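A quick write-up on the structure given underneath.
These numbers were taken from a predicted model, which means no experiment stands behind them. Both backbone and side-chain heavy atoms feed into the values below; hydrogens, waters and symmetry mates do not. By convention here, the first residue in the shown sequence is residue 1.
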Amino acid sequence: MKTTTLILILLLFLTSLGFAQEADSARQDSVKTTNFTLFNTDVIVYKNADGTNTWEFVSKGEQYYEYQSKSKKSSNGLTLDIGINTWIGDDAAPVVKPWGSWNPAINYHYTYKPSKNFNLKSAIGVSWYNFKFEDRNLQALRSNGSLVFEEHPSGTGTKSKISASYANLTLIPTVQTSNGNFSFGVGPYAGYRLGGRGKFVYRDTSGNRAKEFQMGNMFAENFRYGIRAEIMVADITFYMNYDLNNTFQENKGPKLNTLSFGFVL
């Protein structure tokens with residue numbers, strides 16, 4: 001075991017001779033992320049601004065050497081979108097209330113990084129549209145093969161909304177600064193509707209909370225497609241989606257386009 005460890009350390013030492021100058025430069029903007037001890041040798045790992053890692057090995061005699069890893073060419077993982085929805089178009093359509101018109105999404109992404117200043121992000125995931133009406137007594141109903149909006153006879157509505165869920169594919173070419181503190185990407189997405197419904201909450205004659213559901217699809221388009229933009233500043237990423245298709249099926253609802261925006265976590 002000791003022999004194997006000595007050979008590995010020797011190989012790392014020989015490799016570090018070719019990277020010493022580059023590692024010294026990268027260390028200027030690096031952040032220490034890991035520190036542990038292996039066979040009386042302290043191992044310190046630094047995360048560099050260019051995406052590489054620098055390994056520092058410190059012995060009891062205070063001598064050390066460094067090994068800098070090559071930049072990763074790809075990355076993957078899960079991300080969450082937390083944002084809100086609104087719609088643009090027909091002024092006669094119900095006004096959407098931002099608070100409560102949530103646009104959550106969960107995505108699995110694979111990002112290919114051919115160079116320091118460019119990457120190509122692809123993602124597959126599921127997102128939800130929620131449109132909460134400003135007029136809490138206005139109910140969305142399916143009637144004669146189309147969507148209509150009517151005042152509820154109780155006059156005591158407390159919440160009214162419609163929702164739809166989609167499975168999506170996204171592709172975003174992205175450019176970024178060399179230090180990785182700013183990036184901007186824009187690309188297409190397409191989605192297929194998974195479900196949808198309407199929900200209305202009101203107070204009955206006894207003052208109790210009651211709910212009514214429209215369990216069928218509220219005539220939301222089966223296919224959606226549009227443009228997504230992502231802007232990263234420091235460690236905060238903003239997104240914006242704009243659907244090029246109509247929110248509702250032809251002649252079955254108002255002519256509107258959906259706009260969603262928020263944060264990527």
Side-chain angles (χ1 to χ4, degrees), residues 31 33-34 45 47-53 69-87 98 100-132 161-197 217-218 220-247 257-265:
V31 177
T33 59
T34 308
V45 183
K47 179 68 174 180
N48 301 318
D50 61 0
T52 64
N53 292 329
S69 66
K70 294 183 178 180
S71 298
K72 289 185 177 181
K73 291 294 185 181
S74 65
S75 64
N76 59 78
L78 291 176
T79 59
L80 300 176
D81 289 356
I82 303 295
I84 60 176
N85 299 300
T86 189
W87 51 37
S101 297
W102 307 122
N103 177 230
I106 180 169
N107 297 295
Y108 176 82
H109 77 88
Y110 175 84
T111 303
Y112 175 62
K113 303 176 181 179
S115 68
K116 181 187 297 184
N117 301 112
F118 177 80
N119 64 65
L120 185 62
K121 177 181 178 181
S122 57
I124 181 171
V126 179
S127 64
W128 287 264
Y129 280 162
N130 290 283
F131 300 101
K132 185 178 181 181
K161 71 174 186 176
I162 59 176
S163 61
S165 57
Y166 287 84
N168 308 297
L169 291 172
T170 308
L171 186 66
I172 306 177
T174 302
V175 294
Q176 64 181 25
T177 56
S178 296
N179 61 14
N181 289 331
F182 177 83
S183 68
F184 173 76
V186 60
Y189 62 82
Y192 179 76
R193 187 181 60 80
L194 301 176
R197 68 173 186 173
N217 171 38
M218 304 302 286
E221 276 286 4
N222 291 325
F223 294 95
R224 64 184 287 249
Y225 58 92
I227 299 296
R228 178 180 175 97
E230 291 188 359
I231 300 176
M232 195 246 332
V233 180
D235 292 328
I236 302 175
T237 301
F238 305 89
Y239 79 90
M240 183 182 72
N241 295 332
Y242 180 72
D243 283 2
L244 299 176
N245 61 282
N246 289 331
T247 303
N257 298 89
T258 297
L259 176 68
S260 309
F261 55 90
F263 300 92
V264 180
L265 303 179

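- Shown here is Phe182, whose CZ atom has more than 12 heavy atoms of other residues, nucleotides or ligands within 6.0 Å.
- We find the CG-OG distance between Asp81 and Ser260 to be 9.0 Å, quoted to the nearest 0.5 Å.
- At a threshold of 4.5 Å between non-hydrogen side-chain atoms, the residues Ser75 and His109 count as touching.
- Residues Ile172 and Gly185 come closest through the heavy atom pair CG2-C, 3.6 Å.
- Atoms CZ and CD, from Arg193 and Glu221 in turn, are 9.5 Å apart once rounded to the nearest 0.5 Å.
- Between Asp243 and Tyr189, some side-chain heavy-atom pair lies under the 4.5 Å cut-off.
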- prompt: Hey, mind stepping through Ser127 and Arg224 against side-chain contact (heavy atoms from CB on, under 4.5 Å) and telling me if it holds?
  reply: CA-CA 11 Å; Ser127 64; Arg224 64 184 287 249; 3.6 Å; yes

Worked check of side-chain contact (heavy atoms from CB on, under 4.5 Å) between Thr170 and Asn107: CA-CA 9 Å; Thr170 308; Asn107 297 295; 5.6 Å; no

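- For Lys161, the salt bridge (charged side-chain N to carboxylate O under 4.0 Å, His left out) criterion is met by no residue, not counting sequence neighbours.
- Taking the six-membered ring where the residue is Trp, the centroids of Tyr192 and Phe223 are separated by under 6.0 Å.
- Across all their heavy atoms, Thr177 and Asn181 have their closest contact at OG1-N, 3.4 Å.
- Interatomic distance, Ile106 CD1 to Leu265 CG, rounded to the nearest 0.5 Å: 11.5 Å.
- For the pair Ser183 and Thr174, the tightest heavy-atom approach, listed with the atom from each and the gap, is CB-CG2, 3.9 Å.
- Looking at every heavy atom in both residues, Gly191 comes nearest to Asn168 through CA-OD1, 3.4 Å.
- In this structure, the separation between OG on Ser165 and OH on Tyr129 is 11.5 Å, given to the nearest 0.5 Å.
- With rounding to the nearest 0.5 Å, the separation of CZ in Phe184 from CD1 in Ile231 is 5.5 Å.
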Side-chain donor-acceptor pairs of residues 235-242 under 3.5 Å, sequence neighbours excluded:
unit_1: Tyr239; atom_1: OH; unit_2: Asn103; atom_2: O; d: 3.4
unit_1: Tyr239; atom_1: OH; unit_2: Asn103; atom_2: OD1; d: 2.8
unit_1: Asn241; atom_1: OD1; unit_2: Arg228; atom_2: NH1; d: 3.2

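- Contact between Tyr225 and Asn245 at its shortest, heavy atoms only, is N-OD1, 2.9 Å.
- Taking OG from Ser101 and CZ from Phe131, the interatomic distance works out to 7.5 Å, rounded to the nearest 0.5 Å.
- For the pair Val264/Met232, no side-chain contact is recorded, criterion being any heavy-atom separation below 4.5 Å from C-beta on.
- Closest non-hydrogen pair, Asn119 versus Pro114, comes out as CA-CD, 4.1 Å.
- Defined by atom type and a distance below 3.5 Å, a donor-acceptor pair is present between the side-chain atoms of Thr258 and Thr247.
- Contact check for Asn85 versus Trp102: no side-chain heavy atoms found under the 4.5 Å cut-off.
- When atom types are taken as modelled, the side chain of Tyr110 and the backbone of Leu120 share no donor-acceptor pair closer than 3.5 angstrom.
- Remark: side-chain polar atoms of Asn117 are paired, donor with acceptor, to backbone N or O of Gln176 under 3.5 angstrom.
- The shortest distance between side-chain heavy atoms of Phe118 and Pro173 falls below 4.5 Å.
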